Amino acid sequence: MTDTTIALVTGANKGLGRETVRRLAALGWTVLLGSRDAERGAEAAAELEGDVHAVTIDVRDDESVASAAKEIEQRWGRLDVLVNNAGIAGERVPPVDVTADHMRLVFETNTFGPVRVTHAMLPLLERSTAPRIVMVSSGLGSIGVTSDPTTFASTIVSLTYPSSKTALNMITSQYAKALPRFRVNVADPGYTATDLNGNSGTQTVTEGTDAIVALATVAPDGPTGTFVDRAGTVPW
Ligand code: NAP
């Protein structure tokens, strides 16, 4: 087994995930670039420098996730860092028109996806001497931020995406308690120009990945069960 740090980033064929892969590979790590589409993943991996490998993983699909875990076990033997980054904004539906199906669609990727992937990768992370999990959430998932009328986030009224991230935050907090040897933390990238928001975000992808990279590289005795953005602690 290799001594290098081995990281998997989901949803990494573009946007914040791709930039996270680029930055972690620049540290000399072996980085597995997760993509639900094999071709998009291979193209993105080929464009990046360092020890970057495309791994096909659709976070909505049990079989795809199981097969990615099997491939990682066979080729690399373990995982040190898991970045659950894949996410969708979902359809814009006025809250009063939202049905359970609208909710299910967004939760399937943003909330159940990270649980599906984490559950499948835990045996590989258990083999690490310094296992770390980063959940990519959002300030929109913070009840503290979205209920503060001075924030831009408080003006966005939506049932689906924000609540999918709020649930992810609680899931992370509970994983942190269940896995005391692990560092399990939540990153809020901040409003970043990517396809998720039609590139309307005000930050670059490098700024948007500062918190993700900080948590992916956290020390084995560093913080766990925290929610941070690039400026510091975010209220739950
Ligand atoms: P993006 O550019 O749209 O990238 C999203 C990535 O997730 C793409 O690679 C996409 O793959 C992938 N994905 C979607 N569904 C998937 C699935 N079922 N399985 C595997 N991959 C899937 O958006 P982004 O802004 O980089 O978003 C990354 C994360 O940051 C998300 O969790 C998002 O909620 C969070 N975030 C973003 C912002 C922001 O301002 N951009 C702010 C706060 C939080 P395809 O190309 O195949 O669709």
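Remember, predicted model here, so these are calculated numbers, not experimental data.
What you find for Val81 and Leu125 is that their closest heavy atoms are N-CD2, 4.0 Å. Across all non-hydrogen atoms, the minimal contact from Arg60 to Leu105 is NH1-O, 3.1 Å. Residues Thr118 and Ile133 share a closest heavy-atom pair of CG2-CD1, 3.8 Å. Nearest heavy atom pair, residue Ala211 against residue Asp229, reads CB-C, 3.7 Å. Across all non-hydrogen atoms, the minimal contact from Ala12 to Ala44 is O-CB, 4.5 Å. Shortest non-hydrogen contact noted between Thr10 and Asn85 is OG1-N, 2.9 Å.
Neither side chain, Asp80 nor Thr5, offers a donor N or O lying under 3.5 Å from an acceptor on the other. With no hydrogens or angles considered, no side-chain donor-acceptor pair links Asp188 and Ser138 at under 3.5 Å. In this model, a donor atom of one side chain and an acceptor atom of the other lie less than 3.5 Å apart for Glu19 and Thr206. No side-chain N or O of Ser35 forms a donor-acceptor pair with one of Asp37 less than 3.5 Å apart. Side chains of Asn169 and Ser137: a donor-acceptor N/O pair is present below 3.5 angstrom, by distance only.
To the nearest 0.5 Å, atom CG of residue Asp101 and atom CD of residue Glu108 are 11.5 Å apart. Interatomic distance, Thr172 OG1 to Lys177 NZ, rounded to the nearest 0.5 Å: 12.0 Å. Distance check, rounded to the nearest 0.5 Å: CG of Leu8 to CG of Leu32 gives 5.5 Å. Interatomic distance, OG1 of Thr224 versus OH of Tyr175, reported as 13.0 Å (0.5 Å rounding).
Sorted by first then second residue, the ring-ring contact (aromatic ring centres under 6.0 Å, His included) pairs that include residues 13-72, not counting sequence neighbours, are His53-Trp76.
Using a cut-off of 4.0 Å between Lys/Arg side-chain N and Asp/Glu carboxylate O, Arg116 and Asp62 are scored as salt-bridged. Arg23 and Asp210 are joined by a salt bridge, as a carboxylate oxygen and a charged side-chain nitrogen come within less than 4.0 angstrom of each other.
A donor-acceptor contact shorter than 3.5 Å links the side chain of Arg183 to the backbone of Pro180. Of the possible donor and acceptor atoms, one in the side chain of Asn110 sits under 3.5 Å from a partner among the backbone N and O of Ile88.
Contacts of Glu47 classified as salt bridge (charged side-chain N to carboxylate O under 4.0 Å, His left out), with partners at least two apart in sequence or in another chain: Arg18. For Phe227, the ring pair (Phe, Tyr, Trp, His ring centres under 6.0 Å) partners at least two apart in sequence or on another chain are Trp236. Qualifying salt bridge (charged side-chain N to carboxylate O under 4.0 Å, His left out) partners for Arg36, counting only residues two or more places apart in sequence or in other chains: none.
Here the side chains of Thr192 and Thr204 are not in contact, with every heavy-atom distance at 4.5 Å or above. Val136 has its side chain within reach of Ile212: a pair of non-hydrogen atoms, C-beta onward, lies under 4.5 Å apart. The closest side-chain heavy-atom distance from Glu73 to Arg78 is not below 4.5 Å. When side chains are defined from C-beta on, Pro94 counts as touching Asp97, because their heavy atoms get closer than 4.5 Å. Taking the side chain as every heavy atom from C-beta outward, Ile72 and Leu79 approach each other to under 4.5 Å. Using a 4.5 Å heavy-atom cutoff, the side chains of Asn84 and Met121 are not in contact.
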Start with the C-alpha distance between Asp148 and Ser154, add both sets of side-chain angles, then the distance that settles side chain to side chain donor-acceptor pair (under 3.5 Å), and finish with yes or no. CA-CA 6 Å; Asp148 173 353; Ser154 71; over 6 Å; no
Starting from the C-alpha separation in whole Å, work towards a yes-or-no answer on salt bridge (charged side-chain N to carboxylate O under 4.0 Å, His left out) for Glu43 and Arg40. CA-CA 5 Å; Glu43 274 171 24; Arg40 285 199 287 275; over 6 Å; no
Could you walk me through whether Thr217 and Leu27 pass the side-chain contact (heavy atoms from CB on, under 4.5 Å) check? CA-CA 10 Å; Thr217 55; Leu27 301 174; 3.7 Å; yes
Does the side-chain contact (heavy atoms from CB on, under 4.5 Å) test come out yes or no for Leu48 and Leu33, once each step is laid out? CA-CA 10 Å; Leu48 294 172; Leu33 183 156; 3.8 Å; yes
When you look at Val31 and Asp51, which way does the side-chain contact (heavy atoms from CB on, under 4.5 Å) test go after all the steps? CA-CA 6 Å; Val31 190; Asp51 196 23; over 6 Å; no
With side-chain contact (heavy atoms from CB on, under 4.5 Å) as the criterion, how do Lys14 and Asp195 come out once you've worked through the C-alpha distance, each side chain's angles and the decisive distance to 0.1 Å? CA-CA 9 Å; Lys14 65 179 185 179; Asp195 287 349; 3.0 Å; yes
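Taking Ile, Leu, Val, Met, Phe, Trp and Tyr as hydrophobic and joining them when side-chain heavy atoms fall under 4.5 Å apart, one finds Met170 isolated, its cluster having no other members.
Val93 and Val106 are not part of a single hydrophobic cluster, where members link through side-chain heavy atoms under 4.5 Å apart.
The neighbour count for Gln174 CD, taken as heavy atoms of other residues, nucleotides or ligands under 6.0 Å away, is above 12.
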Side-chain donor/acceptor pairs under 3.5 Å, residues 63-71, sequence neighbours excluded:
from, atom 1, to, atom 2, distance (Å)
Ser64, OG, Asp58, N, 2.7
Glu71, OE2, Arg75, NH1, 3.4

